[in-house]
Structures are given as C-alpha cells and as structure tokens.
Amino acid sequence: MGRPKPRQTSLAEPLVAWFLTNAREFPWRDRPLEAERDPYRVLVSETMLQQTQASRVVDRFKRFMDRFPTAHSLAEADVDPVLELWSGLGYYQRARRLHEAARAVVNMGGWPSEARSLRELPGVGRYTAGAVASLAFGERTPAVDGNVARVLLRVRGEPGVLNEPATMKRVWVAAEELLEGTDLAASLVNESLIELGATVCTPASPFCPACPLRSGCVAFATNLQGTIPSPRKAAAKTVLHAASLIVFDDRDRLLVEQRPATGMWGGLWQAPTIETPRSLTAPRAAAAFGLAEAPERIGRFSLATSHRDVRFQVLTSRSPVSRQGAVWKSPRQIGRLGLSSAQRRILVEIAPTLVGQRVSSDA
DNA sequence: AACGCGGGGGT
DNA sequence: ACCCCAGCGTT
C-alpha cells in the first residue's frame, strides 16, 4: 500500500520519438512535422487516403494539388475535371463530396476549425474531422482510422473486430486518454499512431522487433499480435456481367454515355454498356443494344471490386447504333472525362487500336 | 448493425 | 483466393 498504483508510462513519448526519426516522406506530409498544415491540403489527402493505400495516393495528390491548389479553385471548378483526376482511384463519391466540401467552405467564408463543425462538411466523418482539426488547427482531438484502432487494440491486448461500433467506441476512448496523458501535440500523436500501424504494426505479421511500443504492448507480451484484431465477416461476392460497345463515327469519335449519379461508378462516363446478372452472348447483347446485326466480340476481361466480380465483354459494331443519351466524343475529350478503370481500359487502351472500323453516326 | 461504394497491394 | 486499406453515408 506504500506506493501509489504505478501510472502506466505514457506510450506517446516513445511513439512520437520513433515517428520523428522514421516518418516516411509524402507530398502531403509537410515539414517540419509539428507545423500546422493547410486544412485544404489535409482534407484532400485524407479524402484520397480513405480506404486507399498511401502509395496509391502519392501521384494523385500531386496532380490534384497542381490542378486545384486551393479550396477556392476547387469550388469554382466543374465536377467533371474533378472526377477526371479521381479516375481509377475508386469510391468516386469521395471526389464529389470533396468538391461539395470546398464549395461549402467558400460559402461559409472560411474553414471551420473545430472537429465538431468540420464533421458537417460532406464526406467528412469522425476520422477525417479529427485529422483536419489536429493536423491543421492544432486541436487536441483524436483521429482513429483502421491503423490506429489496430495499434491501440494490440497495445491494450483487447480483442475486437475492426469497424464494429462497439470496438471503435472503445478505441476512440483509448485514443482520447492517450492524448490526455501527454503534452505532445495531438497532431504528432495521431500521425505517429497512423504511421506505426501502416509500417510496423501491420495487419498480418507485424514487425514487433522494430516497434517503439513493444515493451508496453500486451499483445506482444502474450503473443496475440497476430490474432488482434479479429477478422471481419467476409462479404459475399456476386458476379455481374457487362457488355460494352465500342463504336466510332466517321470522324473517329467514340460513342459514350454518362452513368447515373448514384450507384457504382456514379457520374462516370462509359462506352454504351449493359449490365446483367447472367452472362450474355454477343447476339443477345446486340439485341439489347438494338443492333441490326450481331456485333463482333473483340475481348473479355474480369475486374474484381470489393463485393463484385464484373466480367466485361467488349464488342464493336459496324452497324448504326442508336443509344439514348449517348454522345460522340473525340479521344482527346474522352481523356478528360471521369472513367472507371474498366472504361479507361476499353475507351483509352482498346478502342484506339480499332480506328477504321467505322459506322454511320446515328446516335 | 449492415450495406454500398473501387481498385490495387500483400500474402 | 483471400485479406486489407489514412472511411463515409444511408437504411
């Protein structure tokens, strides 16, 4: 009874010390690391990084900031060039919401500076609000993403399934307590946790010998680092069949259409495409496109998304095509549209090899 | 609580 | 094959 209950040594100090010497270079990671950042740069990068590995974001972020360096420049832009810059990155609603958020910031006459008000911007949830508030405005507030949740669960030796509300609630509390127990800047603590989760405390086979927290890590002490967090329930995957039609007019323009704003690839452009739950023969596809004669099938490929396998067949036709809402666009114009990876493949890679197979324009 | 929303990397 | 990823919004 003589000694007080030993207060757990703060993990923040060794964590941040590790981060300051091991932080990777990223275009959005301005130096010095403890300096407050431009909220717009933080929002753009954090939005791109949602459910997307950092290595995939680096070039996109540079291009995006080059084209839209400020919230004002983004707010003034049309949504189409925004989707063009997002092309291939996935989760395209992120781009639309980021665009809307920029307009909201301009309309409000400036940035909200607190996490609570940042959350009202479209596309800004609890994590992103915490990231912008701490990194750009120095607010002492956590930012818990999948990386941080994994690190904290392991350090504390708590079981849990990632992204389950009950798990995340506990982890957010743990992150708040970590910030309360140190005088270090919240921005440094938050980003250190993220970086540790991304590079050392990785989902499978973490590099515990390199971890600055290993001496205080319950999972490491009990050899549970490979089983925390518990795996999520596997999402069911369905198969979707799609047929896309490549058709040129006499000026080497391609017929394209815009997808509805909601749903998969919402608002993106595509070659005339039909989607069916079951496979479709080329003649059946021809009927669906209203073609007078069977199209020529020129290729097939599959594309795996999170909960779908999309099996594309690519067709070309020499007969006139009429397609409601479709328009002719030159290859140069198509390059400036928002395209999914599949449609980029079809319209940008495959189609140019077919120039010369023309039909009369009748769209 | 469950689901929709992309596409690619790692194992 | 399967897992996950600097998540968010809707139902």
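Proteins come first, then strands; the chains are lettered A, B, ... in the order of their sequence lines, and each starts at number 1. For the numbers below, each heavy atom of this structure counts, side chains included, while hydrogens, waters and symmetry mates do not.
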Study note, to complete from the structure: Result for 5'-nearest mapping on DNA chain B, choosing between A/Leu268 and A/Ala204, is A/Leu268
Exercise for review: Describe the nucleic acid contact of A/Arg259 in one word from base, sugar-phosphate, nothing, applying a heavy-atom distance below 4.0 Å.
Suggested key: nothing
Practice item. Could you state the atom-to-atom distance from CH2 of A/Trp28 to P of C/dA6 in whole Å? Key: 10 Å
Review point. Is A/Lys329 positioned over the aromatic face of A/Trp269, cation under 6.0 angstrom from the ring centre and no more than 45 degrees off axis?
Key: yes
Practice item. State whether A/Glu275 and A/Arg259 are salt-bridged, where the test is any N-O pair (Lys NZ or Arg NE/NH1/NH2 against Asp/Glu carboxylate O) under 4.0 Å. Key: yes
Check your understanding: Say you pick atom P in B/dA2 and the same atom in C/dC4; how far apart are they, in whole Å?
Key -> 15 Å
Review point. Would you call A/Arg41 and A/Asp30 a salt bridge, taking side-chain N to carboxylate O under 4.0 Å as the test?
Key: yes
Point to revise | Carboxylate-amine/guanidinium contact A/Arg232 A/Glu164, below 4.0 Å | key: no
Exercise for review: Just jot down the ring pair (Phe, Tyr, Trp, His ring centres under 6.0 Å) partners of A/Trp111, sequence neighbours excluded, or say none.
Suggested key: none
Review point. Is it true that the side chains of A/Thr52 and A/Arg94 contain a donor and an acceptor less than 3.5 Å apart?
Key: yes
Review point. Which nucleotide in the list B/dG7, C/dC5, B/dG6 gets nearest to the side chain of A/Met264?
Key: B/dG6
Exercise for review: Would you mind classifying the nucleic acid contact of A/Gly197 as base, sugar-phosphate or nothing, using non-hydrogen atoms under 4.0 angstrom?
Suggested key: nothing
Exercise for review: Look at the side chain of A/Ser306 against the base of B/dG4 and say whether a donor-acceptor pair falls under 3.5 Å; ignore hydrogens and angles.
Suggested key: no
Review point. Between A/Arg29 and C/dA6, does any side-chain N or O lie under 4.0 Å from OP1 or OP2?
Key: no
Exercise for review: Between B/dG8 and C/dG9, how far apart are the P atoms? Round to whole Å, please.
Suggested key: 25 Å
Point to revise | Nucleotide forming a Watson-Crick or wobble pair with B/dG7, both distances under 3.5 Å | key: C/dC5
Check your understanding: Nearest to the side chain of A/Thr52 - B/dG7, B/dG6, C/dG7?
Key -> B/dG6
Practice item. Provide the distance between the two P atoms, one in C/dT10 and one in B/dG6, to the nearest whole Å. Key: 15 Å
Review point. Is the shortest distance from a Lys or Arg side-chain nitrogen in A/Arg344 or A/Glu349 to a carboxylate oxygen in the other one below 4.0 Å?
Key: no
Revision key, fill the gap. Ranking B/dG6, C/dG7, C/dA6 by distance to the side chain of A/Thr128, first place goes to C/dG7
Check your understanding: To the nearest Å, how far apart are A/Asp145 CG and C/dC5 P?
Key -> 8 Å
Check your understanding: Can you check whether A/Trp265 has a side-chain N or O nearer than 4.0 Å to OP1 or OP2 of B/dG7?
Key -> yes
Check your understanding: With no angle test and no hydrogens, is the base of B/dG7 tied to the side chain of A/Thr305 by a donor-acceptor pair under 3.5 Å?
Key -> no
Review point. Within the pair A/Ser341 and B/dG8, is there a side-chain N or O less than 4.0 Å away from OP1 or OP2?
Key: yes
Check your understanding: Just checking A/Trp86: base, sugar-phosphate only, or nothing, at a heavy-atom cut-off of under 4.0 Å?
Key -> nothing
Check your understanding: Do any side-chain nitrogens or oxygens of A/His307 fall under 4.0 Å of OP1 or OP2 in B/dC5?
Key -> yes
Point to revise | Interatomic distance where CZ belongs to A/Arg308 and C1' belongs to B/dG8 [whole Å] | key: 18 Å
Practice item. Assign each of A/Ser205 and A/Thr262 to its nearest nucleotide of DNA chain B by heavy atoms, then name whichever residue's nucleotide is nearer the 5' end. Key: A/Thr262
Practice item. May I ask you to check if A/Arg253 and A/Phe248 form a cation-pi contact, with NZ or CZ under 6.0 angstrom from the six-membered ring centre and within 45° of the axis? Key: no
Review point. Between A/Gln53 and C/dC5, is there a side-chain N or O to OP1/OP2 distance below 4.0 Å?
Key: no
Review point. Is any side-chain nitrogen or oxygen of A/Tyr92 closer than 4.0 Å to OP1 or OP2 of B/dG7?
Key: yes
Practice item. Return the residues of residues 231-238 of chain A meeting this criterion: a heavy atom under 4.0 Å from some atom of DNA chain C. Order them by number, or give none. Key: A/Pro231, A/Arg232, A/Ala234
Exercise for review: Please report the C-alpha distance between A/Arg140 and A/Ser134 in whole Å, then the side-chain angles of each, then the deciding distance to 0.1 Å, and finally whether the side chain to side chain donor-acceptor pair (under 3.5 Å) criterion is met.
Suggested key: CA-CA 6 Å; A/Arg140 190 152 208 85; A/Ser134 61; over 6 Å; no
Check your understanding: Does A/Thr202 make a side-chain N or O approach to OP1 or OP2 of B/dG10 shorter than 4.0 Å?
Key -> no
Study note, to complete from the structure: Here the distance between atom C1' of C/dC4 and atom CD of A/Gln50, to the nearest Å, is 16 Å
Practice item. Report the distance from atom CD1 of A/Ile228 to atom C1' of C/dC3, rounded to the nearest whole Å. Key: 18 Å
Practice item. Calculate the interatomic distance between A/Tyr91 atom OH and C/dC8 atom P; express it in whole Å. Key: 12 Å
Practice item. Go through C/dA6, C/dC5, B/dG9 for me and flag the one nearest to the A/Arg56 side chain. Key: B/dG9
Any protein N or O atoms within reach of nucleotides 9-11 of chain C? Criterion: under 3.5 Å, listing atom names and distances.
residue	atom	partner	partner atom	Å
C/dG9	OP1	A/Gly123	N	2.7
C/dG9	OP1	A/Val124	N	3.4

Check your understanding: So what does A/Leu89 touch, heavy atoms closer than 4.0 Å: a base, only the sugar-phosphate, or nothing?
Key -> base
Practice item. Nearest whole angstrom, please: distance from the P of C/dC5 to the CE of A/Met168. Key: 10 Å
Check your understanding: Under 4.0 angstrom, heavy atoms only, what part of the nucleic acid is A/Ser340 near: base, sugar-phosphate, or nothing?
Key -> sugar-phosphate
Check your understanding: Is it true that the NZ or CZ of A/Arg126 lies under 6.0 Å from the centre of A/Trp172's six-membered ring and within 45 degrees of the ring axis?
Key -> yes
Point to revise | Same-atom distance (P) from C/dA6 to B/dC3, integer angstrom | key: 24 Å
Point to revise | Salt-bridge contact A/Arg156-A/Glu158 (side-chain N to carboxylate O under 4.0 Å) | key: yes
**Study point:** A/Tyr127-A/Gln50 side chain donor-acceptor pair, cut-off 3.5 Å
**Key:** no
